[in-house]
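The figures here come from the full heavy-atom set of this structure, side chains too, leaving out hydrogens, waters and symmetry mates. The model shown is predicted, which means the values in this text are computed figures rather than measured ones.
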Amino acid sequence: MKKVDLGQTISIFANLGVIAGIVFLAIELQQNNELLAAQSRTERLGVQTDYLNALYQDEEVASLVVRAQEGTVLTPTDRVRPYYLGQRLLAAFNYVYGEVQRGLIGPESIPTDQWNRAFNDVPLMHETWNPRKASFSESFVEFIEGRVLAGGSE
């Protein structure tokens with residue numbers, strides 16, 4: 001019978017512990033990635049519903065949108081709310097675009113058709129975009145003007 005070397009046995013158990021630790025780390029990383037993906041989807045859903053919520057929760061904003069779409073001249077006071085709604089939407093669009101640029105969500109996650117409709121349906125959206133676009137990254141500005149404003153093809 002062969003005598004077991006205590007040092008060698010401890011070394012084998014230590015190596016098995018390292019391997020088990022690596023496996024558990026891989027599982028934890030996968031779970032974290034799934035959680036981040038779910039969080040990104042939740043944020044994107046929030047962006048997509050932001051405009052709709054503003055219309056259906058606030059009768060005054062809905063009224064302003066309808067009056068503007070009918071061609072009614074808005075007073076300076078009436079113009080404030082759609083202008084800031086437009087700024088909020090632009091910030092949300094920029095967020096989603098940034099998530100795509102960082103590789104956290106796929107490019108198919110950008111609903112260019114919906115964004116195009118927002119530019120056409122939200123009063124003052126173009127007027128909000130033109131002076132604000134200088135505050136965004138060059139690539140975001142190119143994306144909005146080249147893909148979204150050019151027709152919204154996804």
For Gly146 and Ala150, the nearest pair of non-hydrogen atoms, with its separation, is O-CB, 3.1 Å
Indicate the atoms forming the closest heavy-atom contact of Phe140 with Leu90, along with that distance.
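So the minimum-distance heavy-atom pair works out to CZ-O, 4.1 Å.
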So Leu85 and Arg88, side-chain contact (heavy atoms from CB on, under 4.5 Å) or not? Walk me through it.
CA-CA 5 Å; Leu85 173 62; Arg88 191 167 83 184; 3.8 Å; yes
With side-chain contact (heavy atoms from CB on, under 4.5 Å) as the criterion, how do Ile144 and Trp115 come out once you've worked through the C-alpha distance, each side chain's angles and the decisive distance to 0.1 Å?
CA-CA 9 Å; Ile144 292 294; Trp115 291 9; 4.0 Å; yes
Ignoring hydrogens and angles, write down the donor-acceptor pairs under 3.5 Å from the side chains of residues 123-134, residues two or more places apart or on other chains.
from: His126; atom 1: NE2; to: Phe119; atom 2: O; distance (Å): 3.4
from: Thr128; atom 1: OG1; to: Leu124; atom 2: O; distance (Å): 2.7
from: Trp129; atom 1: NE1; to: Glu145; atom 2: OE2; distance (Å): 3.2
from: Asn130; atom 1: ND2; to: His126; atom 2: O; distance (Å): 3.1
from: Lys133; atom 1: NZ; to: Glu145; atom 2: OE2; distance (Å): 2.7

Listed partners of [X] passing side-chain hydrogen bond (donor to acceptor under 3.5 Å, both in side chains), at least two apart:
{"X": "Gln8", "answer": "none"}
{"X": "Ser137", "answer": "Ser139"}
{"X": "Glu142", "answer": "none"}
{"X": "Asn94", "answer": "none"}

Quiz: residues 22-32 side-chain donor-acceptor pairs under 3.5 angstrom, not counting sequence neighbours:
from: Gln30; atom 1: NE2; to: Glu34; atom 2: OE2; distance (Å): 3.4

Under a side-chain separation threshold of 4.5 Å, the hydrophobic residues clustered together with Leu74 are Leu64
With ILVMFWY side chains joined below 4.5 Å, transitively, what does Val66's cluster contain besides itself?
none
Applying salt bridge (charged side-chain N to carboxylate O under 4.0 Å, His left out) as the test, list every pair that has at least one member in residues 89-106; sequence neighbours left out.
Glu99-Arg102
Would you confirm whether Thr9, through its side chain, and Asp5, through its main-chain N or O, come within 3.5 Å as a donor-acceptor pair?
yes
Under the salt bridge (charged side-chain N to carboxylate O under 4.0 Å, His left out) test, which residues partner Arg67, sequence neighbours left out?
Asp78
Looking at residues at least two apart in the chain, or sitting in another chain, which of them share a side-chain contact (heavy atoms from CB on, under 4.5 Å) with Leu35?
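Here no residue qualifies.
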Contact between Ile110 and Phe93 at the side-chain level, heavy atoms closer than 4.5 Å - yes or no?
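Contact flag for Ile110/Phe93 side chains = no.
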Spatial distance of atom CG (Leu149) from atom OG1 (Thr112) [nearest 0.5 Å]:
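Between Leu149 CG and Thr112 OG1, I get 11.0 Å after rounding to 0.5 Å.
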Taking only residues two or more places apart in sequence or in another chain, which ones pass ring-ring contact (aromatic ring centres under 6.0 Å, His included) with Tyr83?
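Expected list: none.
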